[in-house]
Undergrad: 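After the structure tokens below, expect a handful of questions from me.
Each residue takes its place number in the sequence, starting with 1. Counting starts at 1 for both ligands and their atoms, following the listed order. Computed from heavy atoms alone, side chains included, the values below leave out hydrogens, waters and symmetry copies.
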Amino acid sequence: MAASPIFGSSFLSPQPLHQHSSATAKPPSTTYFIPIKATTSSDPATTPPSPAPQSSNHLKHRRSADENIRDEARRHNAAHNFSAKYVPFNADPISTESYSLDEIVYRSRSGGLLDVQHDMDALKKFDGQYWRSLFDSRVGKTTWPYGSGVWSKKEWVLPEIGGDDIVSAFEGNSNLFWAERFGKQFLGMNDLWVKHCGISHTGSFKDLGMTVLVSQVNRLRKLNRPVVGVGCASTGDTSAALSAYCAAAGIPSIVFLPANKISIAQLVQPIANGAFVLSIDTDFDGCMQLIREVTSELPIYLANSLNSLRLEGQKTAAIEILQQFDWEVPDWVIVPGGNLGNIYAFYKGFHMCKELGLVDRIPRLVCAQASNANPLYLHYKSGWKDFKPVKAGTTFASAIQIGDPVSIDRAVFALKNSNGIVEEATEEELMDAMAQADSTGMFICPHTGVALTALFKLRQSGVIGPTDRTVVVSTAHGLKFTQSKVDYHSGEIKDMACRFANPPVQVKADFGSVMDVLKTYLMSKESKH
Ligand SMILES: Cc1ncc(COP(=O)(O)O)c(C=O)c1O
Ligand SMILES: N[C@@H](CCOP(=O)(O)O)C(=O)O
């Protein structure tokens with residue numbers, strides 16, 4: 001009889017109804033999705049699951065008062081056969097180079113990027129229906145650690161880490177918003193969606209990767225590996241996520257920020273979370289160079305997406321999109337790109353779902369860059385001929401003001417393998433797009449404005465059709481970028497028409513004046529009705 005590979009109990013861990021002799025396990029019976037409180041401490045990995053009672057009177061009781069959710073999770077721990085390791089990114093199939101995830105390594109022997117490779121044969125022992133049902137059964141719960149949108153996919157992320165080492169803010173499970181009015185009014189689209197990854201613990205998608213990286217650091221420190229602190233270079237969001245997760249775990253964090261190039265809201269995040277903040281008189285690329293040098297000399301663990309652990313968490317946003325569409329595949333996914341880890345993370349998430357049979361295809365990917373920081377766009381336009389970094393110019397999309405992206409090879413791979421496209425957005429285009437989106441009830445960041453501009457252009461050229469199901473990935477919370485919105489709505493940006501500005505009306509504090517402006521306003525609305 002094949003060993004039950006994953007989960008101990010039926011508690012959010014659906015198991016095949018019977019042990020099968022075939023290589024692929026059958027989908028779990030829905031019977032097993034009724035969460036039952038475990039009543040025994042016997043090893044669930046070797047204990048066949050007992051059918052859940054079907055009576056509608058079946059009640060659950062709270063765990064005992066002296067137990068917390070980590071303790072409870074420990075009781076449900078089970079043996080499994082899943083594993084992952086570092087391998088050179090896009091390695092030659094005959095390469096045998098690999099590293100344990102418990103090693104501190106960011107680059108391959110040849111100096112190339114690394115990738116986290118999962119034991120796909122072990123994962124393939126379970127079919128697509130199995131994984132879909134398992135992931136679906138964990139959504140919206142508070143069970144440690146599966147209540148997180150990242151850790152609900154734990155077997156595909158860091159299968160071997162113990163629940164005790166995980167540092168999570170129950171990130172992920174972000175809203176997939178149907179942009180009904182924006183799609184209809186500005187694009188003639190009826191199936192447009194915005195994945196709000198920025199509505200998250202620290203206000204950006206970086207939380208998805210950082211929970212994984214900081215959890216692994218937590219484990220490394222318990223294993224007495226030489227990690228005194230964790231460091232990153234940042235345009236604002238990575239540093240916010242790093243400092244928050246480190247603070248939650250009591251681990252020192254060190255952040256290198258380009259002086260005067262990030263928003264105040266982003267600067268105050270690591271300060272508030274107790275990080276050691278260095279404001280350095282250079283740009284992001286300069287900070288990135290410095291953190292790489294420093295982390296090779298000091299016991300500071302590198303938290304930028306050069307570290308492939310981060311992408312394991314970020315890829316869950318792609319899986320989540322499929323899940324939110326009930327495992328139907330959208331036609332397009334548009335992602336703003338800077339250091340270019342995220343576009344690859346999306347590709348990897350979609351690709352794993354296809355390889356493991358959860359879906360039968362992957363969406364086409366679009367990576368969108370600001371024209372002032374567009375090395376990937378130029379590379380794409382040159383027909384992928386030799387890549388040249390650029391000196392990134394100032395952009396309102398300050399978090400993607402990056403000229404020498406560390407994940408360029410990963411991004412090119414993702415785009416080539418998804419029939420992808422790269423677009424760019426001028427400052428005026430991205431700010432107008434942001435204002436238009438906000439005018440339909442969103443409150444997006446300028447980077448999402450970059451992605452929406454790409455969508456405008458691809459709709460205009462007819463590449464994206466009116467009924468194509470399209471997802472725009474919103475990467476940060478608009479509240480981090482209020483100054484750019486204030487500048488826009490004040491109409492005070494040099495050489496920008498600010499066509500959609502909506503400045504407040506100054507009015508005298510008397511009834512007549514207030515009535516006058518209101519009547520004019522209501523008349524203008526009535527004529528458009
Ligand atoms: C808000 C925001 N959007 C988009 C990006 C781009 O992500 P990536 O660097 O993975 O391309 C970043 C960071 O670079 C970001 O902070
Ligand atoms: N936008 C990022 C830039 C660094 O990206 P990373 O994914 O490599 O950490 C930031 O917020 O710092």
Undergrad: Near Gly341, which atoms of ligand 1 are under 4.0 Å from a heavy atom of that residue?
TA: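 Answer for ligand 1: 8 (P), 10 (O), 11 (O).
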Undergrad: Under 4.0 Å from any heavy atom of Pro336, which atoms of ligand 1 are there?
TA: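 So the answer, numbered in order with elements, is 4 (C), 6 (C).
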Undergrad: Does the side chain of Tyr245 come under 3.5 Å of the side chain of Glu171 through a donor N or O and an acceptor N or O?
TA: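 A pair is found: one side chain offers a donor N or O, the other an acceptor, under 3.5 Å apart.
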Undergrad: Closer than 4.0 Å to some heavy atom of Ala476 - which atoms of ligand 1 meet that?
TA: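 In order of number, 1 (C).
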Undergrad: For atom 8 (P) of ligand 1, what's the nearest protein heavy-atom neighbour? Residue, atom name and distance, please.
TA: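 The answer is Leu340 N, 3.4 Å.
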Undergrad: Please list all pairs meeting salt bridge (charged side-chain N to carboxylate O under 4.0 Å, His left out) that have one or both residues in residues 328-353, counting only residues at least two apart or in different chains.
TA: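 Salt bridge (charged side-chain N to carboxylate O under 4.0 Å, His left out) check on residues 328-353 returns Asp115-Lys348, Glu312-Lys348, Glu328-Arg469, Asp331-Arg361.
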Undergrad: With rounding to the nearest 0.5 Å, note down the distance linking CZ in Phe396 to CD1 in Ile493.
TA: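 Reported to 0.5 Å precision, the distance equals 3.5 Å.
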Undergrad: Suppose we measure from atom 7 (O) of ligand 1 to each protein heavy atom; which comes out shortest, and what is that distance?
TA: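 So the nearest neighbour among protein heavy atoms is Phe205 CZ, 3.5 Å.
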Undergrad: Please name all residues satisfying side chain to side chain contact (heavy atoms under 4.5 Å, CB included) with Ser279, sequence neighbours left out, ordered by chain then number.
TA: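 Ser279 satisfies side chain to side chain contact (heavy atoms under 4.5 Å, CB included) with Ala259 only.
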Undergrad: Do you know which two heavy atoms are closest between Arg310 and Ser305, and how far apart they sit?
TA: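 Closest heavy-atom pair between Arg310 and Ser305: NH1-N, 3.2 Å.
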Undergrad: Any idea which atoms of ligand 1 are less than 4.0 Å away from a heavy-atom of Ala399?
TA: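 Contacts of ligand 1 toward Ala399, numbered from 1: 1 (C), 2 (C), 12 (C), 13 (C), 14 (O), 15 (C), 16 (O).
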Undergrad: Is it true that the side chains of Gln483 and Asp487 contain a donor and an acceptor less than 3.5 Å apart?
TA: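 Looking only at side-chain atoms, Asp487 and Gln483 do form a donor-acceptor pair, the distance falling under 3.5 Å.
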Undergrad: Should one rank Thr475, Val335, Ile343 by closest heavy-atom distance to atom 2 (C) of ligand 1, which comes out on top?
TA: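 Of the listed residues, Thr475 has the closest heavy atom.
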Undergrad: To the nearest 0.5 Å, tell me how far Leu340 CG sits from Ile400 CD1.
TA: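 Going from CG on Leu340 over to CD1 on Ile400, the span is 9.5 Å.
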Undergrad: Scan side-chain atoms only and decide if Asp165 and Gln216 contain a donor-acceptor pair under the 3.5 Å cut-off.
TA: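 No, because no side-chain N or O of Asp165 sits under 3.5 Å from a partner of the opposite role on Gln216.
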Undergrad: Would Gly337 count as a contact of ligand 1 if the rule is a heavy atom under 4.0 Å away?
TA: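 The answer is yes: ligand 1 sits under 4.0 Å from a heavy atom of Gly337.
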Undergrad: What protein heavy atom sits nearest atom 5 (C) of ligand 1, and how far away is it?
TA: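 It is Ile400 CG2, 3.3 Å.
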Undergrad: Examine Lys153 relative to Phe135 and say whether NZ or CZ is less than 6.0 Å from the centre of the six-membered ring and inside a 45° cone about the ring axis.
TA: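 Yes.
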Undergrad: Which part of Lys206 is near ligand 1, with near meaning a heavy atom under 4.0 Å away: side chain, backbone, both or neither?
TA: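 Near ligand 1, Lys206 shows its side chain, while the N, CA, C and O stay back.
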Undergrad: Which residues satisfy the side chain to side chain contact (heavy atoms under 4.5 Å, CB included) test with Thr235, sequence neighbours excluded?
TA: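 Partners of Thr235 by the side chain to side chain contact (heavy atoms under 4.5 Å, CB included) criterion, ordered by chain and then number, come out as Phe284, Ala399, Ile402.
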Undergrad: Heavy atoms only: which of Asp237, Asn304, Asn342, Thr235 is nearest to atom 1 (C) of ligand 1?
TA: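 The nearest heavy atom belongs to Asp237.
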Undergrad: For Glu320 and Gln324, which I'm curious about, is there any donor-acceptor pair between the side chains at under 3.5 Å?
TA: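 No, because no side-chain N or O of Glu320 sits under 3.5 Å from a partner of the opposite role on Gln324.
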Undergrad: At less than 4.0 angstrom from any atom of ligand 2, which residues have a non-hydrogen atom? List them by chain and residue number.
TA: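 Shell around ligand 2 (4.0 Å, heavy atoms): Lys206, Ser234, Thr235, Gly236, Asp237, Thr238, Phe284, Asn304, Ser305, Arg310, Asn339, Ala399, Ile402.
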Undergrad: Using a strict 4.0 Å cut-off to heavy atoms of His447, name the atoms of ligand 1 that fall inside it.
TA: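 That gives atoms 1 (C), 3 (N) of ligand 1.
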Undergrad: Which is it for Ser174 and Lys195 under the side chain to side chain donor-acceptor pair (under 3.5 Å) test, yes or no, and what are the steps along the way?
TA: CA-CA 7 Å; Ser174 59; Lys195 175 69 172 163; 3.1 Å; yes
Undergrad: Which of these, Asn339, Val406, Leu376, has its nearest heavy atom closest to atom 9 (O) of ligand 1?
TA: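 Of the listed residues, Asn339 has the closest heavy atom.
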Undergrad: Is it true that Ser204 lies under 4.0 Å from ligand 1, counting heavy atoms only?
TA: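 Ser204: no contact with ligand 1 (<4.0 Å).
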Undergrad: Could you check whether Tyr301 and Asn307, counting side-chain N and O atoms only, form a donor-acceptor pair closer than 3.5 Å?
TA: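 There is such a pair between these side chains.
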